[in-house]
Amino acid sequence: MRWRLSTRELLTARAAPRGGRGADTPDADDSEADAPDANDSEAAARGGGEALVDVAGRIVGVRRMGRTSFATLRDASGEIQLFLTDKVMGASAYSSALEVLDVGDLVSAGGQPFRTRSGEPSVRVERLRMAAKALRPLPDKWGGLQDPEARFRQRYLDILTNEDARRRFESRSAIVAALRAELDEHGFMEVETPTLQPVYGGGSATPFVTSYDALHRDYYLRIADELYLKRLLVAGYERVFEICKDFRNEGIDRTHCPEFTMLEAYQAFADLGGMRELVQALVAAAVTAVHGSTEATIGGRRVDFTPPWPRVAYREALLEHAGLDLETLGDAELAAAGRDRGLRVDAAWPRAKLLDTLMQHVVEPALTAPTLLERYPAETTPLAKRCEDDPRYVDRFEFFVDGMELGNAYTELNDPIDQRARLQAQASGREGSEAMPVDEDFLLALEHGMPPAGGLGLGVDRLVMVLTGAANIRDVILFPQLRDRS
RNA sequence: GGGCUGGUAGCUCAGUUGGCAGAGCAGCGGACUUUUAAUCCGAAGGCCGUGGGUUCGAGACCCACCCGGCCCA
């Protein structure tokens, strides 16, 4: 590695930096820099104003003209030009400042705001201080950082140089804030439940296992927080939610990441209808936070998130998109239909898995507009209440945008006896690796009485993908994990 | 796990039929008092992902492996 400065120069550069910017440091965007003379920009342009400004940020461009130079300074609010000249700074200060100044350096500068002949908002620098010397160069100023691997491994450079990446993570923050605000408005209380759990549950997934030394036993990183949030319904909190990381020790692909962010919300004495309203309100708030309206153009396509969204029953969807009626067809016929479509399915599979495979490959890709898929066959969903009008189905919906599942909601099962039976059936189920252990502590809580409730899970990463037009879930996760470079 | 595809200078990328390793930007030296991707002159900068193989000769061809990307499972 070739450093930018000799050791001696580096020591000089290091001698200068001190502290950060003052509390009254204006942002680098144009309006702020003009602020001292906001009412008289002509005076500012003439350099007649007395007020001095201090700015601080990263140098992203330098244009050396001899005894005068220009530098572009960027901070979180925008960019402003520094005008450096030996007339103002003094010949020796000017030349020594320019000697150590590089693109990438963090500096603070003070001087008079003005506009150049071409109208560029600038600061006529009187003092320039090195705040942090960049020993390595920034990626190419036009091309930015393109190598996808480097963009993941050095995300700070990606964000620093690629505008789309920077805006995407700002949008993510705005989305999460909007979700919180909307839940707050609906009277939900945010809680924190264990990340490390002695028994994992609330879903069907392979957990990460870790050792809890102080308790002398293995623990699991949560695959869901559902069973703890339900304990809080037993406790008497009627509207609770948590936004947290869940961990599933499974594959990585375009829409799956082992460490992902989930929003779960539970509302006592609500049913699926309540969840339907809630999820539409949440997504509408998120879309509005990013796009200013519930109708948005995402990736060149117009998507309307304005509630109410279309609702389609599971059976009807399968009929419409695959011509299959799950009420009349047996496992063998479903498997055959799957094979006809090139799917690798086996009639010996559990019916739920057959149905799920068909839905995933045939129906879900067609659900591009925001859609609520409802009335799931009971065998696919062991934790939901059955529909009152037809016990073959359960009160559940998933919702889809762009063919991608964004979330899931149930009318939650609150009968402790039924729940125990279903959990035990699941625990002794044929797919041992995916079956979850029975959480006796959770069942004990249920036996004390959990109010009937609606529950909602929303994949935050995927929502951000949809709203920011990201093709891959890693594009919305700041620091995705990669294999070691060997 | 399978198919396709990529890894060359700090960054973005060329590299022809197998024949001296290239450009732009960044960096370095110099000129330049209002630039906006400043301009101009000059000199540098390489484990061509790794390891084998073929060949007089490999960045290129063959094999294996490592790290990515896309698609499929």
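Reminder, nothing fancy here: chain letters follow the sequence lines and each chain counts from 1. Just so you know, these numbers come straight off a predicted model, no measurement behind them.
The aromatic ring centres of A:Phe83 and A:Phe114 sit less than 6.0 Å apart.
Put simply, A:Lys141 has a side-chain N or O that comes within less than 4.0 Å of OP1 or OP2 on B:A38. Residue A:Asn472 places at least one side-chain N or O closer than 4.0 Å to OP1 or OP2 of B:C70. Not one side-chain nitrogen or oxygen of A:Arg115 sits closer than 4.0 Å to the OP1 or OP2 atom of B:U34. Contact check, A:Arg63 against B:A38: a side-chain N or O comes under 4.0 Å of OP1 or OP2.
Of the listed residues (A:Arg136, A:Arg58, A:Lys133), just one forms a salt bridge (charged side-chain N to carboxylate O under 4.0 Å, His left out) with A:Asp102, and that residue is A:Lys133.
Taking a pair to require two hydrogen-bonding distances under 3.5 Å in either a Watson-Crick or a G-U wobble arrangement, B:A23 pairs with B:U12. With a cut-off of 3.5 Å on both pairing distances, B:U35 has no Watson-Crick or G-U wobble partner at all. Nucleotide B:A58 forms a pair with no other nucleotide shown, judged by Watson-Crick or G-U wobble geometry with both contacts under 3.5 Å. Under the Watson-Crick and G-U wobble criteria, each requiring two contacts below 3.5 Å, nucleotide B:C70 is paired to B:G3. In this structure, B:C65 and B:G49 make a Watson-Crick or G-U wobble pair, each of the two defining distances being under 3.5 angstrom.
The side chain of A:Leu482 lies closest to B:G68 when the candidates are B:A73, B:G68, B:U33. Distance from the side chain of A:Leu145 is smallest for B:C11 among the nucleotides B:C11, B:G69, B:G27. Distances were taken from every side-chain heavy atom of A:His361 (C-beta onward) to each of B:A73, B:U33, B:U35; the shortest belongs to B:A73. Proximity note for A:Arg153 (side chain, C-beta onward) versus B:G68, B:U12, B:A73: the nearest is B:G68. Checking B:C67, B:A73, B:G27 against the side-chain heavy atoms of A:Glu149 singles out B:C67 as nearest. Nearest to the side-chain atoms of A:Thr85 among the listed nucleotides B:C67, B:C11, B:U33 stands B:U33. Nearest to the side-chain atoms of A:Phe83 among the listed nucleotides B:C28, B:G68, B:U34 stands B:U34. In this structure, the nucleotide among B:U35, B:G27, B:C13 sitting nearest to the side chain of A:Gln146 is B:C13. Side-chain atoms of A:Lys87 lie closest to B:U33 of the nucleotides B:U34, B:U33, B:G68.
Remark: A:Arg375 is positioned above the aromatic ring of A:Tyr393, its terminal NZ or CZ atom under 6.0 angstrom from the ring centre and at most 45 degrees off the axis. The cationic group of A:Arg474 lies under 6.0 Å from the six-membered ring centre of A:Phe152 and within 45° of the ring axis, placing it in a cation-pi geometry.
Counted by atom type alone, A:Thr195 and A:Arg222 present one or more donor-acceptor pairs between their side chains at under 3.5 Å. At a cut-off of 3.5 Å, with distance as the only test, no side-chain donor of A:Glu316 or A:Tyr314 sits close to an acceptor on the other residue.
Contact annotation for A:Arg474: backbone-only contact, meaning every heavy-atom pair under 4.0 Å involves sugar-phosphate atoms and none involves a base. Nucleic acid contact for A:Glu120: base, since at least one base atom lies under 4.0 Å from a heavy atom of the residue. Residue-level contact check: A:Arg254 touches the backbone only, with heavy atoms under 4.0 Å from sugar-phosphate atoms and none from bases. Residue contacts shown for A:Gly61 are absent, as no nucleic acid heavy atom lies under 4.0 Å away. Heavy atoms of A:Arg483 sit under 4.0 angstrom from primed sugar atoms or phosphate atoms, though from no base atom.
Straight-line distance from the CG atom of A:Asp86 to the P atom of B:U34: 12 Å, rounded to whole Å.
Atom P of B:C48 sits at a distance of 8 Å from the matching atom of B:G59, rounded to the whole Å.
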